[in-house]
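Basis for what follows: all heavy atoms, side chains included, without hydrogens, waters or symmetry-related copies.
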Amino acid sequence: MAESTLRRAPLSRDRVLHAAVSLTDVIGIESLSMRKLAQDLGVVPMALYKHVANKDELVGGMVDVVVAEIDPPEHGTAWKPAVRQRVLSARRTMLRHPWVSRAIETRQAPTPAVLAYLDSVIGMFRAGGFSADLTHHVMHAMGSRVLGFTQELFTSPEPVDPAVHAAAARELAAAYPNVAEMALAAAHEDASIVGSGCDDQFEFEFALELLLDGFERLHERRWTSAARAR
C-alpha cells in the first residue's frame, strides 16, 4: 500500500498504537509526545485524543501491543521448557523494543496484556503441579526476568579511550580486587548492560536456568513456605 494511501486511511486506536510503537523504537520513550506522533501520522494532535485520552493511556496501549508479540507456549509442552521458551521469547521482544522495560517498570499498575501474560506463566507452573504457595515464591524470585528483562548489578559505562580504561582498571584492581577479578573472569562483548563487555544473553539465560533448576528441586521436594511459621 502506498504511503499516500496510508496517510489518508482513517485513524483507529490500533493504528495509533502501532504507529507509536514504531516511532518510539526510533526516538525513545522520553522523546515521544502526542505532537510528534500526530506529525508522524500526518494528523493534528487533537485527532489522537479520540482514540487515547492522554500520553499515559497511549503508553499503556503501546505496552500491550508489544507484549502481544511474545510467542505463546506450544500446546502440551512440559512446564520447564514452556516457561523457558516463553521467557526467552519475551526477552527477544524486549530487545526489539528497548524502551518497553522502562515503560512497564514505571507504570503504577500492570496493563491488561501484562496481567494476561503473567497469568499464563503462573498457569504453566500450576499445570506442572506446582502448589499455589510455591508458585507465589517462584514469581517473586523471577521478578522482571519473567518479562524478559532485569536490572543488572553492573551497568556498562560509555565508551572510553583504551588508555583511560586501562588506568581505571588498575585503580579498580587496587581498591576493589574482588570486583576487578570477577570483571576479568569471563568472555566479553562490546555492547552490554551487565558490565564492560559481558555477554548479556548468556548471563540472562544462565540465571534463568539456575532459577528453573532450583524451582524444579523445590517442587520435587514438595517444598512449602509453611515451615517459616515454625
*Are any side-chain N or O atoms of Lys55 and backbone N or O atoms of Leu32, one a donor and one an acceptor, separated by less than 3.5 Å?*
yes
*OG1 of Thr77 to NE2 of His75: how many Å apart, nearest 0.5 Å?*
9.0 Å
*asked:* Hydrophobic clusters here meaning ILVMFWY residues chained together by side-chain heavy-atom distances under 4.5 Å, can you tell me if Met62 and Tyr49 are in one?
replied: yes
_Between the side chains of Arg92 and Glu69, is the shortest nitrogen-to-carboxylate-oxygen separation below 4.0 Å, so that they form an ion pair?_
no
_Exercise: identify the closest heavy-atom pair between Phe125 and Met139_ = CE1-SD, 4.4 Å
*Given the rule that I, L, V, M, F, W and Y join up when any side-chain heavy atoms are under 4.5 Å apart, are Val26 and Val66 in one cluster?*
yes
*Quick one: CD1 on Ile70 to CD on Gln85, what's the gap to the nearest 0.5 Å?*
10.5 Å
*asked:* Testing the basics here: between Lys36 and Ile27, what is the closest heavy-atom pair and its distance to 0.1 Å?
replied: CD-CD1, 4.2 Å
_Between Leu212 and Phe215, is there a side-chain heavy-atom distance shorter than 4.5 Å?_
yes
*Are more than 12 heavy atoms from other residues, nucleotides or ligands located less than 6.0 Å from atom NZ of Lys50?*
no
*If you round to the nearest 0.5 Å, how far is CG of Leu41 from NE2 of His18?*
12.5 Å
*Atom of Ala113, atom of Val67 and distance for their closest heavy-atom approach*: O-CG1, 3.7 Å
*So, Arg86 side chain and Val146 main chain: donor-acceptor pair closer than 3.5 Å or not?*
no
_Closest non-hydrogen atom pair, Met124 against Trp79_ = O-CB, 3.4 Å
*For the pair Arg84 and Glu205, evaluate salt bridge (Lys or Arg N to Asp or Glu O under 4.0 Å) and give the outcome as yes or no after the intermediate values.*
CA-CA 9 Å; Arg84 181 188 298 111; Glu205 294 189 29; over 6 Å; no
*Checking Thr24 side chain against Ile29 main chain: does a donor-acceptor pair fall under 3.5 Å?*
no
*Please say whether more than 12 non-hydrogen atoms of neighbouring residues, nucleotides or ligands are located less than 6.0 Å from CD in Glu74.*
no
*Go through Ile104 and Met94 one step at a time and tell me if the side-chain contact (heavy atoms from CB on, under 4.5 Å) criterion holds.*
CA-CA 11 Å; Ile104 291 173; Met94 294 299 154; 3.9 Å; yes
_Let me confirm one number: the CG-OG distance from Leu17 to Ser22, rounded to the nearest 0.5 Å._
11.0 Å
*asked:* Count I, L, V, M, F, W, Y as connected when their side-chain heavy atoms are under 4.5 Å apart, and connections chain through other members. Are Leu88 and Val121 then in the same cluster?
replied: yes
*Is the closest basic N to carboxylate O distance between Arg102 and Glu30 below 4.0 Å?*
yes
_side-chain contact (heavy atoms from CB on, under 4.5 Å) between Met142 and Val87, intermediate numbers included_ = CA-CA 10 Å; Met142 292 284 285; Val87 171; 3.9 Å; yes
*Contact summary for Gly60 and Thr111, nearest pair of heavy atoms*: O-CG2, 3.7 Å
*Arg13 side, atom CZ; Arg15 side, atom CZ - distance, nearest 0.5 Å*: 15.5 Å
*Closest non-hydrogen atom pair between Ala82 and Pro73, with its separation*: CB-CB, 4.3 Å
*Linking I/L/V/M/F/W/Y whenever their side-chain heavy atoms sit closer than 4.5 Å, directly or via other members, would Leu95 and Val63 fall into one cluster?*
no
*Could you give the distance from NE2 (His136) to CZ (Phe130), rounded to the nearest 0.5 Å?*
15.0 Å
_Is the shortest side-chain heavy-atom distance between Asp64 and Tyr117 below 4.5 Å?_
no
*Connected via hydrophobic side-chain network under 4.5 Å: Met46 and Val16*: yes
*Decide yes or no for Leu58 and Leu48: does some side-chain heavy atom of the first lie under 4.5 Å from some side-chain heavy atom of the second?*
no
*Taking only residues two or more places apart in sequence, or in another chain, which ones meet His219 in a side chain to side chain donor-acceptor pair (under 3.5 Å)?*
none
*Please lay out, stage by stage, how Leu11 and His51 fare under the test side-chain contact (heavy atoms from CB on, under 4.5 Å).*
CA-CA 8 Å; Leu11 281 186; His51 307 284; 3.5 Å; yes
*Do Arg96 and Asp25 meet the salt-bridge criterion of a basic N to acidic O distance under 4.0 Å?*
no
